[in-house]
J.: 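Below are the structure tokens for one structure; questions will follow.
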Amino acid sequence: MTVAFGAALGLAAGLPAAAAPAEDGLKLDLPAAAGATALGSADDVVGLTNTTGHDLSKVVLQVRLTGGLAQRVELAGADWCDHTKTTATCKVDRITPGQGFTIRLDLRARAKAPLGAAGTVSVSARGVGVPAAYGTFGVAVSSPPYTDVAAVAEQAQVYLHTGDTATMGVEYRNTGPVPALLRVADPVTAGFDDMTWLDCPEDDGDACLVQLPAGQSKRLGFTMRLTGPAPAEPHVAMTVEGAYDRIVTDNLAVYPVCVYDTGRCTRHLPGTRSDVFAAPAPRAEPAPGPDAENQAVALTQPEHVPVAVERELAAEEPYSLLDEVTGILVYSLLAVLILGTSVALALRKRAADRG
């Protein structure tokens with residue numbers, strides 16, 4: 001790889017120097033100290049600069065976890081360099097005068113690694129015709145930052161005809177003390193297709209990546225088209241990267257679906273034991289026109305329930321906690337009675353056999 005100018009690989013950052021550069025050669029820019037957590041690190045940068053007045057060829061930068069550090073920390077990433085869990089090797093064909101490059105190290109604490117100072121990282125650089133440069137910096141293991149992000153679905157139920165395109169939304173709230181990087185998976189669900197994000201900051205192909213500062217909220221909208229009368233419930237899964245999420249049970253947004261074609265929902269209506277919300281009503285054919293197809297629909301509940309459906313729901317007995325508890329007690333007493341009878345018969349037979 002040839003480095004013709006600093007932008008090719010990133011101009012060496014002005015980091016706290018922990019290695020004395022040669023007067024005319026290779027200059028290492030190392031962090032004063034580095035940190036490692038169980039989730040890795042992203043702020044540990046190592047830089048290299050050509051301080052000579054001529055091009056340098058066959059330049060090699062090597063990073064190595066020394067001694068006991070390799071037992072407590074592993075090298076999880078090193079940008080474009082070749083790396084193992086303990087070493088990274090970065091090679092370039094040529095660096096012009098005054099230019100260089102930086103690499104970002106991802107240091108990950110191993111399982112059950114004790115907190116505190118863990119050891120040192122050794123860095124060396126060499127090139128043709130110049131003295132080699134050496135340096136070290138310390139690494140400490142610490143606990144990863146904690147955050148608390150919750151997902152809130154905008155719609156309690158989604159009412160659709162087969163073929164309708166629905167616009168749905170989810171709001172993410174970060175109530176934790178540190179920023180969070182959210183990875184929101186594409187909500188692919190049986191019975192729907194043509195999923196499209198409306199306001200995704202960064203789409204990586206199968207998920208939307210969202211930077212959410214501490215104490216702030218972010219809404220994500222998306223559209224999906226209903227393809228059949230018996231869909232599954234769309235759900236949007238989210239994970240937090242770079243920090244521990246205190247509560248993960250509130251990371252999922254789920255959307256119950258009610259289909260006009262069948263008059264039924266994907267779950268029972270609140271306060272009832274029925275999934276019927278309306279009389280079956282197949283979708284009416286739209287009037288001809290350029291905008292007649294693939295229009296997003298309003299996700300509102302019908303203004304009223306048809307009389308026939310109201311009667312069906314009214315005929316159902318309302319849910320009673322007392323009836324449920326009474327039923328459980330009756331079945332429990334019946335089970336005890338059966339068990340007691342079995343034990344009595346067994347004891348009687350045993351007594352008869354001894355007699």
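All heavy atoms count here, side chains included; hydrogens, waters and symmetry mates do not.
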J.: Taking Glu171 first and then Arg219, would you say they form a salt bridge - that is, a charged N and a carboxylate O separated by under 4.0 Å?
T.: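 Salt bridge absent between Glu171 and Arg219.
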J.: List the atom pairs, with distances to 0.1 Å, where a side-chain N or O of residues 329-345 and a protein N or O form a donor-acceptor pair under 3.5 Å, not counting sequence neighbours.
T.:
| residue | atom | partner | partner atom | Å |
| --- | --- | --- | --- | --- |
| Ser332 | OG | Ile328 | O | 2.8 |
| Thr341 | OG1 | Leu337 | O | 2.9 |
| Ser342 | OG | Ile338 | O | 2.9 |

J.: Do the charged groups of Arg183 and Asp206 touch, with an N to O distance under 4.0 Å?
T.: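 Yes.
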J.: Checking salt bridge (charged side-chain N to carboxylate O under 4.0 Å, His left out) for the pair Arg104/Asp79: CA distance, chi angles, key distance, verdict?
T.: CA-CA 6 Å; Arg104 192 173 300 273; Asp79 281 348; 5.4 Å; no
J.: Any idea how Tyr260 and Tyr159 line up, ring-wise: parallel (<30°), tilted (30 to 60°), or perpendicular (>60°)?
T.: tilted
J.: State the CG-CG distance between Asp203 and Leu209, to the nearest 0.5 angstrom.
T.: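 Answer for the CG-CG pair, Asp203 versus Leu209, is 8.0 Å.
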J.: Just wondering, are more than 12 heavy atoms of other shown residues or ligands nearer than 6.0 Å to CZ in Arg126?
T.: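 For Arg126, atom CZ is not crowded (no more than 12 foreign heavy atoms under 6.0 Å).
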J.: Between Arg225 and Asp193, does any NZ, NE, NH1 or NH2 come within less than 4.0 Å of an OD or OE carboxylate oxygen?
T.: yes
J.: When you group the ILVMFWY residues by side-chain heavy-atom contacts below 4.5 Å and let the links chain together, are Val158 and Met195 in the same group?
T.: yes
J.: With no hydrogens and no angle check, do the side chains of Asp245 and Thr147 hold a donor and an acceptor under 3.5 Å apart?
T.: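 Their side chains do not contain a donor-acceptor pair, so the 3.5 Å distance test is not met.
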J.: Please list all pairs meeting ring pair (Phe, Tyr, Trp, His ring centres under 6.0 Å) that have one or both residues in residues 232-254, counting only residues at least two apart or in different chains.
T.: Tyr146-Tyr244
J.: Less than 3.5 Å apart, any donor N or O on the side chain of Thr120 or Thr136 sitting next to an acceptor on the other?
T.: no
J.: Is a side-chain donor or acceptor of Arg94 paired with a backbone partner of Val59 at a separation under 3.5 angstrom?
T.: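 No.
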J.: Check for a donor-acceptor pair, side chain of Asn50 on one end and backbone N or O of Thr52 on the other, with a separation under 3.5 Å.
T.: yes
J.: With distance as the sole test, does Asp148 use its side chain to make a donor-acceptor pair with the main-chain N or O of Thr175 at under 3.5 Å?
T.: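 No.
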J.: Looking at Met224, is its backbone amide N or carbonyl O close enough to the side chain of Asp194 to form a donor-acceptor pair, meaning the two atoms are under 3.5 Å apart?
T.: no
J.: Given the rule in the side-chain contact (heavy atoms from CB on, under 4.5 Å) test, do His54 and Leu56 qualify, once you have shown the distances and angles that lead to the verdict?
T.: CA-CA 6 Å; His54 55 83; Leu56 292 179; 3.6 Å; yes
